[in-house]
Amino acid sequence: MERELSQVLTQCHHLTRPYRIDSGDGFRLDRIDPGDTLDLPSDKKAAREALEQGVQMLSELQQRLYAQNKWAVLLIFQAMDAAGKDGTIKHVMSGVNPQGCQVTSFKAPSALDLDHDYLWRANQALPERGRIGIFNRSYYEETLVVRVHPELLAKQSLPPDLVGPKLWQQRFEDIRHYERYLSRNGVVVLKFFLHLSKEEQKRRFLQRLERPEKNWKFSAADIRERGFWEDYRQAYEEMIRETATAHAPWFVVPADHKWFTRLVVAAAVIERLDGLDLRYPEVSQEAKQALAQAREQLLAE
Ligand code: ATP
Ligand code: MG
């Protein structure tokens, strides 16, 4: 098991290193090719097997996380439409005990949400200690869709004096501090941007239109947002520059090949969980005696 683990971890590191952003200074999105697969052969069977191995590892680590009940893990997923957030979450978490995991999808804010500060709803959805929480979209939308569509900001009823030219810089600063705060409280934050090319998005939208079983996934709004591709790209780039930190890194994951995206995400989570040195709680000598007694009692029945 230990040898196998160290092998897997070496592979994990190889998979994540090119995409992990610990410091956003000077970061440029065009440095990472959405079609990249690190020259791994596109052998679906081998990729499936590697992912299965990763999922197994994750399941084992998650059991320890749950038993130890000290750390919470927050995985944030951001991407353009059709980049594969849902599929990645489904596959990577497929081996994890549902009791130790929760997914929250952040849609357009409700009237109640809008009556609060923008971190309010996210804060309520944070994972408990011992659990993995997944944000399918997140408070980062406040620097993405809200930035690309200023009319959304107008709906937030902020006091006018607080809406100035520094608003976005202030949001980045607040998010950095928030994530620092979380990390100081035992919440491990990992952020994934699934980096899709515009051509691949077109191909996937066409599939949604042409294949009846995929029709339900299509939304006219997605085509509308596609029209703002360049604005989103800039917003994503700046968001990563401003909020990538060592304690809450961004992973800019190539997303044109789904099998590769899933491997990189699984690798990043495994690597981080392994670094937490998760252990099953030690059973004290007294507790061991109590266990032995209970066992004898049962056997004597
Ligand atoms: P799918 O891949 O299934 O389409 P999705 O994450 O795109 O999943 P949708 O219901 O299609 O889910 O879209 C959610 C929408 O909510 C997105 O367009 C997103 O930009 C928007 N949204 C999320 N958070 C906010 C926010 N804080 N302010 C405004 N809009 C938001
Ligand atoms: Mg959508």
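Start at 1 and go down the list; that is how both ligands and their atoms are numbered. The shown structure was predicted, so the numbers you read here are calculated from the model rather than taken from an experiment.
- Residue Gln78 places no heavy atom under 4.0 Å from ligand 1.
- The environment of Glu210 atom CD is dense: over 12 non-hydrogen atoms of other residues, nucleotides or ligands sit within 6.0 angstrom.
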Trace of the side-chain hydrogen bond (donor to acceptor under 3.5 Å, both in side chains) decision for Gln156 with Tyr118: CA-CA 9 Å; Gln156 298 191 352; Tyr118 68 86; over 6 Å; no
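- Tested against Asp81 for a salt bridge (Lys or Arg N to Asp or Glu O under 4.0 Å), the candidates Lys198, Arg137, Lys202, Lys217 yield a single pass: Arg137.
- For the pair Arg31 and Tyr19, the cation-pi criterion (under 6.0 Å, within 45° of the ring axis) is not fulfilled.
- Within a 6.0 Å radius of OH in Tyr181, other residues, nucleotides and ligands contribute 12 heavy atoms or fewer.
- Atoms of ligand 1 lying under 4.0 Å from at least one heavy atom of Glu142, given by number and element, are 26 (C), 27 (N).
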Give the intermediate values and the outcome of side-chain hydrogen bond (donor to acceptor under 3.5 Å, both in side chains) for residues Tyr139 and Asn123. CA-CA 10 Å; Tyr139 45 82; Asn123 209 45; over 6 Å; no
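- Using a 4.0 angstrom heavy-atom cutoff, Ser219 does not count as in contact with ligand 1.
- For Arg208, no nitrogen or oxygen atom sits less than 3.5 Å from a nitrogen or oxygen atom of ligand 1, counting backbone and side chain alike.
- For ligand 1, none of its N or O atoms has an N or O atom of Asp222 under 3.5 Å away.
- Residue nearest to atom 25 (C) of ligand 1, selected from Arg121, Arg137, Lys155: Arg121 (by heavy-atom distance).
- Atoms of ligand 1 lying under 4.0 Å from any heavy atom of Phe106, numbered from 1 in the order shown and given with element: 23 (C), 24 (N).
- Annotation for ligand 1: atoms under 4.0 Å from non-hydrogen atoms of Lys85 are 5 (P), 6 (O).
- At most 12 heavy atoms of other shown residues, nucleotides or ligands fall within 6.0 angstrom of atom CD in Glu286.
- Note: no N/O pair closer than 3.5 Å links Val146 and ligand 1 by distance alone.
- Using a 30° and 60° split on the angle between ring planes, Phe135 and Phe106 fall in the perpendicular class, above 60°.
- Ring pair His195/Tyr236: centre-to-centre distance not below 6.0 Å.
- At least one heavy atom of Pro109 lies less than 4.0 angstrom from ligand 1.
- Of all the heavy atoms of Glu225, none lies under 4.0 Å from any atom of ligand 1, so neither backbone nor side chain is involved.
- Residue contacts with ligand 1, taken as heavy atom pairs separated by less than 4.0 Å, do not involve Leu144 at all.
- Taking distance alone, with nitrogen or oxygen atoms compared against 3.5 Å, Glu141 approaches ligand 1 more closely than that limit.
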